[in-house]
Peer 1: 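One structure follows; several queries about it will come next.
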Amino acid sequence: MTAPGTRADAPAEDTDDLDVEEALALVREAHRETRDDGNGTDDGTRQGPAGSPQAPGDRPGERHRATPWPRAREIAARAARSGKRRAPVTVPLADALGLVLAAPLDALTDLPSFDTSAMDGWAVAGPGPWQVREKGVLAGHAQPEQLTDGEAVRIATGARIPDDTTAVLRTEHGRIDTQGRLHTTREMLHGQDIRPRGQECRSGDQLLPVGTLATPAVLGLAAAAGYDTVTVVPRPRAEVLVLGDELLTEGLPHDGLIRDALGPMLPPWLRALGADVIAVRRVGDDAKALRKAVTGSDADLIVTTGGTAAGPVDHVHPTLERIGAELLVDGVKVRPGHPMLLARIQDHQHLVGLPGNPLAAVSGLLTLAEPLLRTLAAHPAPEPYTLPLREAVQGHPHDTRLIPVVLRGDHALPLHYNGPAMLRGIAAADALAVVPPGGARQGEETELLDLPWATAGIGVCFT
């Protein structure tokens, strides 16, 4: 399996030793080189580093400054580990679903805590036939009266076993004769269908280690082991700032105004990635309002939409500079979405700047926000996997492309409507294919990024 964004016959970039400080150094160096770059050519392209031509529409030095896609994801994951450690919290079992255990789950009792019947039937003592008592034993009742040899008593699944019981005879394996005596219809073993005390665990046994994801089964085990609450890594808090004067929140587009697609899309997507979205605010094309919104937020992650380029109302970069934020990623070699950014505002707070085009914003969300949130929540990175493409996909000359696909058997089928401003493709998709620079041939194995709802994953089912 190859690293995302690289070809099988090309060496993958080594990101293992890259830390946040190295990332900052790369960004600073890139800015210096950007200021020195900008030579034009006669064929409509601009000169990049060492005289290499740039594609039309690239800013001078943009490809030189932009971070390779795999490295950008690694920087985002590491950035979340660089700040102040987030204190664990204790929550009721009902609120723990999808969170990660911050303390081991040790059994508070034996399981089961007493000998119980594993089946409906009769508790019997000694060899048969047996005389059956009139009153049976039900689950949830106190210790029943002791049996003597030759006695049997009706018993329900989960009920306490009477002392001196030899075995439990299942209902379907016994018969009562005309004199009221119980006979077995097949061979019976000593201890049959009895769950002995401590069969699953003893009090103090470690059931699950730190780092375990609280699935429904984990919560059931915790309850059975005597827990009312568990200690977990808190859900990271996110705030969404939707930027732009041109956005409508209802009705049809008109007079140069367009509907806001990101306001309805990003909060549930962030929740699916494990975040607690504490606010969604709309901010016009106003630098002071943006600065106030950013500096006034106490979220772990601030997500902005639009304003990451260099236009007259693109205020994200100037705002970050004014408040002294550190740019960890300033542009990514990925299409769509290359103007995305990641900044560290404080030790415990980061900002992900998404492009304004909807599919480009999705690209930024999965490139930068997903690994950062995953690390904050202590979730393990998903195992990468590949599938062959059913059709060839044209690539960008220099950048990774993220293409919506549907999964059909053991192949991935690329979808149309995959332009930066389009959501029609991603709305029908199961995953995004990571297409390396230069494209991918039909049948070529290509890494896939699952969409949380398509995999029925923790984020969708548990939030």
Peer 1: Give the intermediate values and the outcome of side chain to side chain contact (heavy atoms under 4.5 Å, CB included) for residues L366 and W269.
Peer 2: CA-CA 10 Å; L366 296 181; W269 203 317; 4.1 Å; yes
Peer 1: If you measure from OG1 on T305 to CG on L241, what distance do you get to the nearest 0.5 Å?
Peer 2: 8.0 Å
Peer 1: Mark yes when over 12 heavy atoms from residues, nucleotides or ligands other than F114 sit less than 6.0 Å from its CZ; otherwise mark no.
Peer 2: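 Yes, the 6.0 Å shell around CZ holds more than 12 heavy atoms from other groups.
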Peer 1: Does the D95 side chain pair with the main chain of P92, one donor and one acceptor, at a distance under 3.5 Å?
Peer 2: no
Peer 1: Would you say L432 and V434 make side-chain contact, with heavy atoms under 4.5 Å?
Peer 2: no
Peer 1: May I ask you to test the L365-L273 pair for a side-chain heavy-atom distance under 4.5 Å?
Peer 2: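 The answer is yes; the side chains approach within 4.5 Å.
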Peer 1: Could you give the distance from OG1 (T231) to CG (L105), rounded to the nearest 0.5 Å?
Peer 2: 10.0 Å
Peer 1: Would one find more than 12 heavy atoms of other residues, nucleotides or ligands at under 6.0 Å from atom CZ of R424?
Peer 2: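 Check fails, neighbour count at 12 or below.
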Peer 1: Go through the steps to decide whether L402 and T367 satisfy the test side chain to side chain contact (heavy atoms under 4.5 Å, CB included), and finish with yes or no.
Peer 2: CA-CA 10 Å; L402 300 182; T367 300; 4.2 Å; yes
Peer 1: Between the side chain of R195 and the main-chain N/O of G158, is any donor-acceptor distance below 3.5 Å?
Peer 2: no
Peer 1: Looking only at non-hydrogen atoms, find the nearest pair between P414 and V393 and report the distance.
Peer 2: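 Here P414 and V393 meet closest at CG-CG2, 3.6 Å.
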Peer 1: Crowded around Q394 CD? As in, over 12 foreign heavy atoms under 6.0 Å?
Peer 2: no
Peer 1: Could you report the tightest heavy-atom contact between A343 and A325, atom names first, then the distance?
Peer 2: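 Smallest heavy-atom distance, with atoms named: CB-CB, 4.3 Å.
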Peer 1: I'd like to know if the side chain of D285 and the backbone of D245 have a donor-acceptor N/O pair within less than 3.5 Å.
Peer 2: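 It does hold such a pair.
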Peer 1: Do the side chain of N357 and the main chain of L359 share a donor and acceptor less than 3.5 angstrom apart?
Peer 2: no
Peer 1: Applying the side-chain contact (heavy atoms from CB on, under 4.5 Å) test to L351, which of V303, I323, L341 qualifies?
Peer 2: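 The option that passes is L341.
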Peer 1: Is a side-chain donor or acceptor of T308 paired with a backbone partner of P339 at a separation under 3.5 angstrom?
Peer 2: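 Confirmed, T308 side chain pairs with P339 backbone.
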Peer 1: Which atom names give the shortest non-hydrogen contact between G226 and L108, and what distance separates them?
Peer 2: O-CD1, 3.5 Å
Peer 1: Looking only at non-hydrogen atoms, find the nearest pair between A412 and L407 and report the distance.
Peer 2: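 That closest heavy-atom pairing would be CB-CD2, 4.2 Å.
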Peer 1: Examine distances only and state if a side-chain atom of R170 and a backbone atom of M119 form a donor-acceptor pair shorter than 3.5 Å.
Peer 2: no
Peer 1: How long is the straight-line distance from NE2 of H338 back to NZ of K333, given to the nearest 0.5 Å?
Peer 2: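 Between K333 NZ and H338 NE2, I get 12.5 Å after rounding to 0.5 Å.
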Peer 1: Quick check: does any side chain N or O of T212 sit under 3.5 Å from a backbone N or O of L101, one acting as donor and the other as acceptor?
Peer 2: no
Peer 1: Mind checking the CG-CD1 spacing from L301 to I345? Nearest 0.5 Å is all I need.
Peer 2: 9.0 Å
Peer 1: Determine whether V405 and L413 make a side-chain contact, defined as any pair of heavy atoms from C-beta on separated by less than 4.5 Å.
Peer 2: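 Of all side-chain heavy-atom pairs linking L413 with V405, none is under 4.5 Å.
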Peer 1: Tell me the closest heavy-atom pair linking P236 and G274, and the distance in Å.
Peer 2: CD-O, 3.5 Å
Peer 1: Could you give me the CA-CA distance, side-chain angles and deciding distance for H396 and V334, then say whether side chain to side chain contact (heavy atoms under 4.5 Å, CB included) is met?
Peer 2: CA-CA 9 Å; H396 186 274; V334 66; over 6 Å; no
Peer 1: With side chains defined as the heavy atoms from C-beta onward, is the minimum distance between V230 and L99 less than 4.5 Å?
Peer 2: no
Peer 1: A side-chain contact here means heavy atoms from C-beta on lying under 4.5 Å apart; do Q349 and I302 qualify?
Peer 2: yes
Peer 1: Under the 3.5 angstrom rule, does the side chain of Y417 hit a backbone N or O of I426 as a donor-acceptor pair?
Peer 2: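 Such a contact is absent between Y417 side chain and I426 backbone.
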Peer 1: Using atom types as modelled and distance alone, determine if a side-chain donor or acceptor of R344 lies under 3.5 Å from a backbone N or O of L328.
Peer 2: no
Peer 1: With a 4.5 Å limit on heavy-atom distance, are the side chains of D298 and R237 in contact?
Peer 2: yes
Peer 1: Could you grab the distance from atom OG of S113 to atom CD of E200, nearest 0.5 Å is fine?
Peer 2: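 So the gap between those two atoms works out to 11.5 Å.
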Peer 1: Does any N or O in the side chain of D286 come within less than 3.5 Å of the main-chain N or O of V283, such that one atom is a donor and the other an acceptor?
Peer 2: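 It does not hold such a pair.
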Peer 1: Quick check: do T400 and P437 have side-chain heavy atoms less than 4.5 Å from each other?
Peer 2: yes
Peer 1: Could you measure the distance from the CG atom of L213 to the NE2 atom of H379? Nearest 0.5 Å is fine.
Peer 2: 5.0 Å
Peer 1: Any chance CD of E391 has more than 12 other-residue heavy atoms, nucleotides or ligands included, within less than 6.0 Å?
Peer 2: yes
Peer 1: Check step by step if side chain to side chain contact (heavy atoms under 4.5 Å, CB included) holds for L247 and I258.
Peer 2: CA-CA 5 Å; L247 302 176; I258 60 173; 3.9 Å; yes
Peer 1: What residues, two or more places apart in sequence or in another chain, satisfy side-chain contact (heavy atoms from CB on, under 4.5 Å) together with A156?
Peer 2: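 Listed in chain order: D120, L138.
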Peer 1: If you define the side chain from C-beta out and look only at heavy atoms, does anything of V316 sit under 4.5 Å from L243?
Peer 2: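 When only atoms from C-beta onward are counted, L243 and V316 do touch, with a gap below 4.5 Å.
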Peer 1: Have a look at L354 and tell me which of V362, L266, T304 forms a side-chain contact (heavy atoms from CB on, under 4.5 Å) with it.
Peer 2: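 One option only clears the test, and that one is L266.
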Peer 1: R197 pairs by side chain to side chain donor-acceptor pair (under 3.5 Å) with which of T116, D110, T109, D115?
Peer 2: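 The single option meeting the side chain to side chain donor-acceptor pair (under 3.5 Å) with R197 is D110.
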Peer 1: How close do P388 and E445 get, counting heavy atoms only, and between which atoms?
Peer 2: CD-OE2, 3.4 Å
